[in-house]
Amino acid sequence: MKKDIHVVGAVIIKENKILCAQRGPDKSLPYLWEFPGGKIEAGETPQDALKREINEEMHCEIDIGEQVEHTVYEYDFGIVHLTTYKCKLLEGTPVLTEHAAIEWLSPKELPSLEWAPADIPAIEKLAAE
């Protein structure tokens, strides 16, 4: 039986552009694009996990707004439960610590990247707004 992996992703919006992050070569799903974030640890709320992950991964502080999407996607390595939230950058400029690249794209430009499958429902929703 595959394990359930509960993760959160930050749809960070700045000046009507959305932060997109490319996974590194040594990660699962190498070079696919995603919203930055990560696993929810025991005892954390999704919002606490997202703030911690963005602080660790990008050295930024964020304000978390409304939920964009919740997706369940079965990969080879497990079943990912991804919840994405609209976020605002409060402090810092995103830096690359775990990702190969970052891009700021308008919602309409999002489908031009090759996204991790679990992120695609959120991409479709954001691109249609």
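Quantities reported herein were computed from a predicted structural model and do not represent experimental measurements. Position 1 is the first residue of the sequence; numbering continues from there.
- For the pair Leu50 and Tyr85, the minimum side-chain heavy-atom distance is below 4.5 Å.
- Contact of the Cys60 side chain with the Ile54 side chain is registered, since non-hydrogen atoms from C-beta on lie closer than 4.5 Å.
- Looking at Ser28 and Arg23, their side chains come closer than 4.5 Å, going by heavy atoms from C-beta outward.
- When atom types are taken as modelled, the side chain of Thr84 and the backbone of Glu69 share a donor-acceptor pair closer than 3.5 angstrom.
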Quiz: residues 7-17 side-chain donor-acceptor pairs under 3.5 angstrom, not counting sequence neighbours:
none

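- Pairs of residues two or more places apart, or lying in two chains, that qualify as ring pair (Phe, Tyr, Trp, His ring centres under 6.0 Å) and include a residue from residues 26-69 are Phe35-Trp115.
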**OP:** Using the side-chain contact (heavy atoms from CB on, under 4.5 Å) rule, take Glu34 and Cys20 through it: C-alpha gap first, then chi angles, then the decisive distance, then the call.
**Re:** CA-CA 6 Å; Glu34 66 179 359; Cys20 311; over 6 Å; no
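- In this structure, the side chains of Gln22 and His99 stay at 4.5 Å or more apart for every pair of heavy atoms.
- Checked for salt-bridge contact, Glu98 and Lys27 meet the test: a charged N lies under 4.0 Å from a carboxylate O.
- Crowding of Asp76 atom CG: a count of heavy atoms from other residues, nucleotides or ligands under 6.0 Å not exceeding 12.
- When the shell of 6.0 Å around NZ of Lys2 is examined, it contains more than 12 heavy atoms from other residues, nucleotides or ligands.
- For the pair Pro107/Glu129, no side-chain contact is recorded, criterion being any heavy-atom separation below 4.5 Å from C-beta on.
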